[in-house]
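Heads up, the thing below is written out as structure tokens.
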2 protein chains.
Amino acid sequence: MHVSFVSFAKPVLHGYFRSSCSWRVRIAFALKGVEYDQAPVNLIKDGGQQLTQQYKAINPMQQVPAVEIDGITLSQSLAVIQYIDETRPGPRLLPADPKKRAQVRMISDLIASGIQPLQNLYVIQKMGAEKMQWSQHFIDRGFQALEPILKQTAGKYCVGDEISMADICLVPQVYNAERFKVDVDQYPTIKRLNQALLEIEAFKVSHPSRQPDTPADLRA
Amino acid sequence: MHVSFVSFAKPVLHGYFRSSCSWRVRIAFALKGVEYDQAPVNLIKDGGQQLTQQYKAINPMQQVPAVEIDGITLSQSLAVIQYIDETRPGPRLLPADPKKRAQVRMISDLIASGIQPLQNLYVIQKMGAEKMQWSQHFIDRGFQALEPILKQTAGKYCVGDEISMADICLVPQVYNAERFKVDVDQYPTIKRLNQALLEIEAFKVSHPSRQPDTPADLRA
């Protein structure tokens with residue numbers, strides 16, 4: 001008799017405490033109540049542990065996050081989040097209504113394709129002294145587009161009154177904006193949503209200041 | 001009696017013949033057999049028609065594509081494609097199996113978040129004389145990761161033997177790679193899949209060389 005234990009193994013998250021894309025996945029696991037193990041990848045130490053041959057075998061893109069789950073290895077945070085949503089019980093991370101689902105994906109992709117890649121570590125490492133100005137420019141550009149969209153779609157959260165993948169993307173992006181000294185007060189809807197979401201337990205436990213690899217001086 | 005005609009109106013695609021993200025949406029419409037109207041937005045003429053106040057009201061991100069469909073306006077090509085998939089009959093653009101869906105989304109996002117944003121017009125306009133070298137670097141970097149992933153997931157197409165959103169993302173990205181003089185021969189799986197997909201009618205009719213706004217000298 002063949003017995004598969006695959007579905008009983010805890011997922012393993014290869015991530016970094018301060019990576020906004022890793023934080024997205026941590027929020028999704030927390031919202032769904034899924035237990036997982038963390039395998040920290042320090043993006044700074046030793047010239048970047050994501051660049052090792054060992055990690056390249058896990059994610060050829062040499063980025064975090066990557067997740068080992070149900071016998072497969074996935075990278076790209078939104079693919080991981082939607083896989084978790086489709087295979088685990090608990091609150092929906094995408095609404096049932098197709099139009100609302102589309103709005104959630106539009107907002108998520110505006111952040112995940114339109115903002116984050118341009119202030120990603122491997123990009124700004126190429127920018128040298130201009131990296132702060134470069135990152136601010138692209139975050140501000142994205143937030144200027146996101147603010148009027150959220151004004152139309154938001155209720156209590158990004159799309160209506162239910163937490164979704166859009167919220168999972170928003171909070172870590174605001175955290176990045178603050179790191180790059182973007183004035184978030186210019187975007188009242190973004191600011192309001194971020195504040196409301198940071199009160200929620202799943203966003204708190206997954207916060208960069210509370211991870212196994214968070215350095216002592218950055219711990220909350 | 002109230003009669004809604006919304007679902008009878010043809011979708012309107014605001015796009016540009018050479019935009020790889022617009023091409024993605026055109027492929028999805030073609031695979032699904034959905035008729036739509038095109039409202040071309042010339043990204044070069046008049047300093048860029050996407051920058052007008054009129055277009056900003058359609059897509060605050062001032063990018064193409066944007067799609068008016070079923071009474072809502074959506075931007076972000078993958079959100080649009082998945083909306084089309086979830087609301088229109090015809091062949092599935094994402095597989096039924098959750099693991100395969102996750103692989104399709106992983107490949108799609110590797111391209112849509114990991115490659116395309118870094119060689120997007122508004123980014124390379126900031127790079128000046130370095131723009132060719134910059135774009136080549138990030139396309140090569142992405143293809144070096146994509147090649148081993150596709151080696152594992154591909155059958156006849158990117159994930160198994162069914163056409164999916166991953167294929168919809170791959171072909172326009174290879175087109176961009178060729179524009180930026182990347183040597184695609186280095187990536188035999190990418191090259192093989194691209195060649196197979198270009199034989200399919202939906203990829204042909206949606207090609208940049210055959211759109212209403214294609215300039216005469218670039219027409220096929």
Taking only Lys NZ, Arg NE, NH1 and NH2, and the carboxylate oxygens of Asp or Glu, determine whether K126(B) and E130(A) approach each other closer than 4.0 Å. no
Counting only heavy atoms not in K131(B), do more than 12 fall under 6.0 Å of its NZ?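 12 or below, so no.
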Flag yes if more than 12 heavy atoms outside E162(B) fall under 6.0 Å of its CD atom; otherwise flag no. no
Using heavy-atom distances under 4.5 Å, tell me whether L110(B) contacts chain A through its side chain, its backbone, both, or neither.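 Both the backbone and the side chain of L110(B) come within 4.5 Å of chain A.
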Among the listed options [options], the residue most often paired with chain A at heavy-atom distances under 4.5 Å:
options	value
Q62(B), M61(B), Q144(B)	M61(B)
A112(B), S75(B), G114(B)	S75(B)
L118(B), V104(B), I107(B)	L118(B)
N120(B), T87(B), V123(B)	V123(B)

Heavy-atom distances under 4.5 Å only: say whether Q152(A) touches chain B with side chain, backbone, both or neither. neither
Taking atom [atom1] of [X] and atom [atom2] of [Y], what is their separation to the nearest 0.5 Å?
X	Y	atom1	atom2	result
R105(A)	I81(B)	CZ	CD1	11.0 Å
D109(A)	Q82(B)	CG	CD	7.5 Å
I149(B)	L74(A)	CD1	CG	10.0 Å

For chain B, which of A79(A), G142(A), P148(A), S77(A) has the most heavy-atom pairs under 4.5 Å?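 Heavy-atom pairs under 4.5 Å are most numerous for A79(A).
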Counting heavy-atom pairs under 4.5 Å with chain B, which one of Q63(A), Q103(A), R141(A) comes out on top?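 Heavy-atom pair counts peak at R141(A).
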Note, S113(A) side chain near Q76(B) side chain (heavy atom, < 4.5 Å): yes
Which heavy atom of P98(B) sits nearest to which heavy atom of Y83(A), and what is that distance? O-CD1, 3.5 Å
Show the nearest heavy-atom pair for residues K99(B) and I72(A), with the distance to one decimal. CG-CD1, 3.7 Å
